[in-house]
Amino acid sequence: MRSARDIAEHVNSGGSAVQVVEEALERIHADTSNAFREVFDQSALTSAAEIDHRIIAGESAGPLAGVPVAIKDNICTREGRTSCGSKMLEEYRSPFDATVVTRLQDAGAVVVGKVNCDEFAMGSSTETCHFGPVKNPADPSRVPGGSSGGSAAAVAAGLVPVALGSDTGGSIRQPAAFCGVTGFKPSYGQVSRWGLVAFASSLDQIGPFTTNTADAALVFGVLRGGDPNDGTCEPSPAKPCQIKPADLKGMRVGVPIQATTDGNAKSVSKMMAEVRDQMSKAGAELVEVDLSLLDQGISTYYVIATAEASSNLARFDGIRYGHRAHAPGAGPDELMALSRSEGFGAEVRRRIMLGTYVLSAGYYDAYYNRALKIRRMIRDEYLKAFATCDVLISPTTPSTAFELGGITDPVEMYLCDRYTVGANIAGIPGISIPFGEDEQSLPLGLQLLAAPFADEQLLNAAASIEALRDQAGIRGARNA
Ligand code: GLN
């Protein structure tokens, strides 16, 4: 499959967007991974034809001209449904497009459909999706990761060169690692969340899945920039993101002591050793960093995220929004309780209960307030680390993709997020790039983190490591 950059160049120089989109639709209809929830055949072809007309008329069609894009099912689109992988919103149709969707379309991208995710983006495997689990294209007996599993699988299977996901605790980076593609979570406040169905508003951020860093930067340049509809979005104007691979010579690369523990799968430790070796040969200065609070990340995250989710999901009560139970004669309280029990799956109900508990009068200080204090300490620890290094590297996940149904204990599932939640807690940018594979040919992911709003530096560093990887003949993205 061609990269987004190649497609845009091809279309902008007279190649047919309709043909590009037709081919994508054909691949999507032949796919068996269950990545797609809904395909927008008609509107996609119409938009592609408009792009072709614009180019024939001598107008510019934008930096993503004719690039087929898939959108995670928790990002609002006027076309089709926005179900958040839930029975609760099975038939929900949004009256508006999310800011990110409008920006993609204004840049010439063609939205080809919605892709499956864990219910309300809660999960690490896409198995909590009401519309069935997604299969990992690298091995269909395995999960694609989550919660943006459909987005990752769609890119890894070569259906589309770009998909959008959302990342609250790792939901872009972890599935990118499991499927063998690139997944980028920008700094909190870089990309508008208007039209993203909120899970945990202080942690959520939208970002792209691609097959390479240059494409991630291209899409990021289109997405970023202030939005009057999102007060948490930094108000600077939108501007393209041009990456220049950073010079590895002299780059200070932080390696957290905590990232090289026995908790990692052997293949993951081997990858880390390889990365360090390659980087120091290329002249990078490896700095040991002590992230002593890394292991407090999971508990801090699961208190804050569930607290915010319990509030955000209160609107889905069968009256204002969402599935309504058939309960003739029931009063409003009973109707809400019934609708919520029927509409939400087990994991979402668990999180709402956890979140309600940590916010309740007697436990607020012991859990929620305490988690907020630890959040500040974790952020401070990252800021301190970035005084000694330009980027931090770690595995994206402690293991490669596990079998569908292989993890049933919720806490074990939560531990998949060990390396990813920190970026959301601290609001810093993070990217996962494919870096080789394990003995079963399953993709391995390398995570890079940078200081708040150092998104471009992060992408520049990722581009250099990607080049190093390619020179060494180490496997990169699937379908690149
Ligand atoms: N796996 C994490 C969770 O279940 C992260 C989810 C996400 O980033 N949306 O909460």
Side-chain angles (χ1 to χ4, degrees), residues 167 170 172-174 176-177 182-188 190 205 207-208 210 212-214 216-217 220 241-260 268 271-291 293-294 297 378-397 418-436 444-472 474 476:
D167 190 312
I172 292 176
R173 293 158 287 153
Q174 185 257 17
T182 298
F184 172 46
K185 180 203 90 75
S187 294
Y188 185 83
Q190 282 274 18
Q205 192 65 194
T210 55
N212 61 75
T213 308
F220 175 58
C241 176
Q242 236 99 47
I243 57 163
K244 292 187 289 303
D247 199 350
L248 286 170
K249 197 162 265 145
M251 185 192 288
R252 296 171 307 161
V253 178
V255 189
I257 311 166
Q258 290 76 6
T260 45
V268 172
M271 171 197 74
M272 282 305 290
E274 171 89 46
V275 171
R276 294 166 62 145
D277 186 43
Q278 297 260 349
M279 293 203 70
S280 65
K281 273 192 202 139
E285 184 193 329
L286 296 176
V287 186
E288 196 168 82
V289 168
D290 186 9
L291 290 182
L293 294 171
L294 188 102
I378 292 175
R379 181 175 157 94
D380 287 348
E381 195 166 71
Y382 276 107
L383 295 184
K384 213 173 109 199
F386 290 120
T388 63
C389 62
D390 306 310
V391 288
L392 277 168
I393 58 166
S394 75
T396 309
T397 52
R418 180 167 195 257
Y419 295 119
T420 50
V421 291
N424 305 76
I425 293 172
I428 61 178
I431 190 168
S432 177
I433 64 169
F435 204 98
L444 288 157
L446 174 71
Q447 176 176 250
L448 278 81
L449 303 175
F453 290 92
D455 297 58
E456 291 193 14
Q457 281 106 294
L458 178 72
L459 292 164
N460 290 340
S464 320
I465 299 178
E466 192 178 85
L468 203 63
R469 174 200 71 198
D470 294 346
Q471 271 162 29
I474 295 168

At their closest point, which heavy atom of [X] faces which heavy atom of [Y], and how far apart are they?
X: S464; Y: P245; result: OG-C, 3.5 Å
X: A217; Y: C241; result: O-CB, 3.4 Å
X: T388; Y: V287; result: O-CG2, 3.9 Å
X: Y382; Y: A423; result: OH-N, 4.5 Å
X: M251; Y: A246; result: CE-CB, 3.6 Å
X: G170; Y: N424; result: N-OD1, 3.8 Å

Are the side chain of [X] and the backbone of [Y] linked by a donor-acceptor contact shorter than 3.5 Å?
X: D290; Y: I257; result: no
X: D455; Y: S187; result: yes
X: D390; Y: R252; result: yes
X: R469; Y: P434; result: yes
X: E466; Y: I433; result: no

Contact check, side chains of [X] and [Y], non-hydrogen atoms, under 4.5 Å:
X: Q457; Y: V391; value: no
X: L446; Y: M272; value: yes
X: V253; Y: S280; value: no
X: R173; Y: Y419; value: no
X: F184; Y: T210; value: no

To the nearest 0.5 Å, how far apart are [atom1] in [X] and [atom2] in [Y]?
X: E456; Y: K244; atom1: CD; atom2: NZ; value: 7.5 Å
X: N460; Y: L448; atom1: CG; atom2: CG; value: 11.5 Å
X: Q278; Y: I474; atom1: CD; atom2: CD1; value: 4.5 Å
X: T213; Y: I465; atom1: OG1; atom2: CD1; value: 9.0 Å
X: S432; Y: L449; atom1: OG; atom2: CG; value: 10.5 Å
X: L459; Y: I243; atom1: CG; atom2: CD1; value: 6.5 Å

K185 and T420: CA distance, side-chain angles, deciding distance, side chain to side chain contact (heavy atoms under 4.5 Å, CB included) verdict: CA-CA 10 Å; K185 180 203 90 75; T420 50; over 6 Å; no
Between T397 and Q174, a side-chain donor and acceptor under 3.5 Å: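 No - no donor-acceptor pair under 3.5 Å links their side chains.
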D380 with K384: basic N within carboxylate O range, under 4.0 Å: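 K384 and D380: not salt-bridged.
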